[in-house]
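Everything below concerns the one structure shown next.
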Protein chains: 2
Amino acid sequence: MATQLGDKIRELRTKQNLLLRQVASKLDVDTSIISKMERGERPIKKEQVATLAEILNADKQELLTLWLADQVMDVIKDEQFADEALKSVTKKIKKGK
Amino acid sequence: MATQLGDKIRELRTKQNLLLRQVASKLDVDTSIISKMERGERPIKKEQVATLAEILNADKQELLTLWLADQVMDVIKDEQFADEALKSVTKKIKKGK
DNA sequence: TATTGTCTTGACAAATTTTGTCAAATATAC
DNA sequence: GTATATTTGACAAAATTTGTCAAGACAATA
């Protein structure tokens with residue numbers, strides 16, 4: 001249930017002594033949503049990742065990569081042939097597309 | 001837009017001289033749905049893949065892997081950091097999960 | 001060209017899922 | 001204890017997905 005990006009955001013936020021409420025207002029969502037995002041209970045929108053990077057002074061590219069990894073993980077978790085499918089996709093994107 | 005699984009299904013179906021209508025009735029969906037599935041215009045449900053394998057005398061595992069690869073591809077297509085995210089996920093599932 | 005059979009397309013409403021909002025419950029600090 | 005911060009769950013609104021259907025396009029054949 002936990003996500004890489006959620007964990008990272010919580011880590012960044014607490015290290016900077018920011019309250020959920022403070023991040024929430026800047027992101028323009030309810031406090032409960034941020035709480036759930038950090039704990040992987042609610043998905044984080046891609047556009048929100050960029051905003052979060054600004055709020056938390058983090059590297060946008062790094063957060064976006066974590067976000068994408070979470071998306072992929074969500075699809076392959078509990079899947080028997082995950083490794084083979086991942087290999088196939090990796091190969092495919094390496095050539096051009 | 002095209003999918004690996006859709007292409008495979010069409011290939012299997014036509015090689016066996018089966019009509020959309022025939023596959024549709026066995027799968028219990030409208031003809032138009034199969035048409036769209038084959039061309040990647042409609043997603044294929046995981047449960048349907050198993051049924052399709054039976055109908056088309058194909059290897060269930062192979063089709064399921066194609067299905068999963070399509071799911072992953074759907075998430076990472078157009079993504080700038082796809083390669084890095086895939087690498088990260090691959091590493092993560094290799095150690096136990 | 002008309003006819004027949006196959007496949008494709010688009011529109012539509014029903015069903016499902018996702019989303020935000022809110023209040024109450026819980027936890028943490030003082 | 002009080003006060004502040006976070007979590008939880010319920011709920012309706014909004015958005016997306018789903019199946020159904022009829023009409024259109026296409027191909028072969030007479």
Side-chain angles (χ1 to χ4, degrees), chain A residues 1-52 55-56 58 63-64 67-79, chain B residues 1-52 55-56 58 63-64 67-79:
Chain A
M1 195 86 230
T3 60
Q4 294 196 74
L5 179 57
D7 289 351
K8 186 67 176 182
I9 286 170
R10 171 146 299 191
E11 178 194 324
L12 289 166
R13 179 177 64 81
T14 54
K15 275 195 178 158
Q16 295 173 55
N17 285 324
L18 292 171
L19 300 176
L20 285 178
R21 163 161 46 86
Q22 299 175 288
V23 176
S25 79
K26 291 202 185 185
L27 203 60
D28 196 32
V29 300
D30 192 87
T31 306
S32 66
I33 301 294
I34 305 273
S35 169
K36 286 168 183 168
M37 282 175 174
E38 288 186 345
R39 288 170 299 110
E41 205 181 309
R42 283 273 178 133
I44 302 178
K45 295 209 189 98
K46 195 182 173 188
E47 317 86 69
Q48 295 175 320
V49 179
T51 310
L52 283 165
I55 297 172
L56 299 168
L63 297 194
L64 279 172
W67 174 83
L68 187 54
D70 285 338
Q71 309 296 306
V72 175
M73 189 59 89
D74 200 51
V75 164
I76 66 154
K77 68 171 189 302
D78 309 327
E79 286 291 343
Chain B
M1 195 88 231
T3 61
Q4 294 196 72
L5 179 56
D7 289 351
K8 185 68 177 181
I9 288 170
R10 172 147 298 192
E11 179 194 325
L12 289 166
R13 178 177 66 80
T14 53
K15 275 195 178 157
Q16 296 172 53
N17 285 325
L18 292 171
L19 300 176
L20 286 179
R21 162 162 47 85
Q22 299 176 287
V23 176
S25 77
K26 291 201 184 184
L27 202 61
D28 196 33
V29 298
D30 192 86
T31 306
S32 65
I33 300 295
I34 304 272
S35 169
K36 286 168 183 168
M37 283 176 174
E38 287 186 346
R39 288 169 300 109
E41 204 181 309
R42 284 273 177 133
I44 303 177
K45 296 210 189 97
K46 196 182 172 187
E47 317 87 68
Q48 296 176 321
V49 179
T51 310
L52 283 165
I55 298 172
L56 300 169
L63 297 194
L64 279 171
W67 175 83
L68 186 54
D70 285 338
Q71 308 297 306
V72 175
M73 189 59 90
D74 200 51
V75 164
I76 66 155
K77 68 172 189 299
D78 307 328
E79 286 291 343

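All values reported here derive from a predicted model rather than from experimental measurement. Throughout, protein chains are lettered first and strands after them, A, B, ... in sequence-line order, and every chain is numbered starting at 1.
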Please examine the side chains of A:I9 and A:I34, heavy atoms only from C-beta on, and report whether any two atoms are closer than 4.5 Å.
no
Which whole-number value in Å describes the distance from B:Q22 CD to C:dT6 P?
8 Å
Any N/O donor-acceptor pair, A:S32 side-chain to C:dC22 base, under 3.5 Å:
yes
Side chains of A:W67 and A:Q48: does their closest heavy-atom pair fall under 4.5 Å?
no
Would you kindly give the CG-to-P distance between B:D28 and D:dG19, to the nearest whole Å?
10 Å
Whole-Å distance separating the CD1 atom of A:I34 from the P atom of C:dT19
14 Å
CG of A:L68 to CD of A:Q4: how many Å apart, nearest 0.5 Å?
10.5 Å
side-chain N/O A:R21 vs D:dT6 OP1/OP2, d < 4.0 Å
no
Figure out the CD1/P separation between B:I33 and C:dT9, and round it to whole Å.
13 Å
Whole angstrom value for the distance that separates C1' of C:dA27 from CD of A:E38:
16 Å
Hey, could you give me each pair passing side-chain hydrogen bond (donor to acceptor under 3.5 Å, both in side chains) that has a residue in residues 30-40 of chain A? Not counting sequence neighbours.
A:R10-A:E38, A:R13-A:E38, A:D30-A:S32, A:S35-A:R39, A:R39-A:E41
Could you tell me the separation between the CE atom of A:M37 and the C1' atom of C:dT18, rounded to a whole number of Å?
12 Å
Please state how far atom NZ in B:K45 lies from atom P in D:dT17, giving the value in whole angstrom units.
13 Å
Does A:T31 make a side-chain N or O approach to OP1 or OP2 of D:dT6 shorter than 4.0 Å?
no
Would you state whether a donor and an acceptor, one from the side chain of B:R42 and one from the base of D:dG19, lie under 3.5 Å apart?
yes
Distance-only donor-acceptor test, A:K36 side-chain atoms vs C:dG20 base atoms, 3.5 Å:
no
Between C:dT21, C:dT8, D:dT4, which one does the side chain of B:R10 approach most closely?
C:dT8
Closest to side chain of A:D30, choosing from C:dC22, C:dT8, C:dT9
C:dC22
Student check: side-chain heavy atoms of A:Q22 and A:Q16 closer than 4.5 Å
no
Looking at the side chain of A:R39, which of D:dT8, D:dT6, C:dT8 is the nearest nucleotide?
D:dT8
Rounded distance in Å - CG (A:L18) to C1' (D:dA5):
14 Å
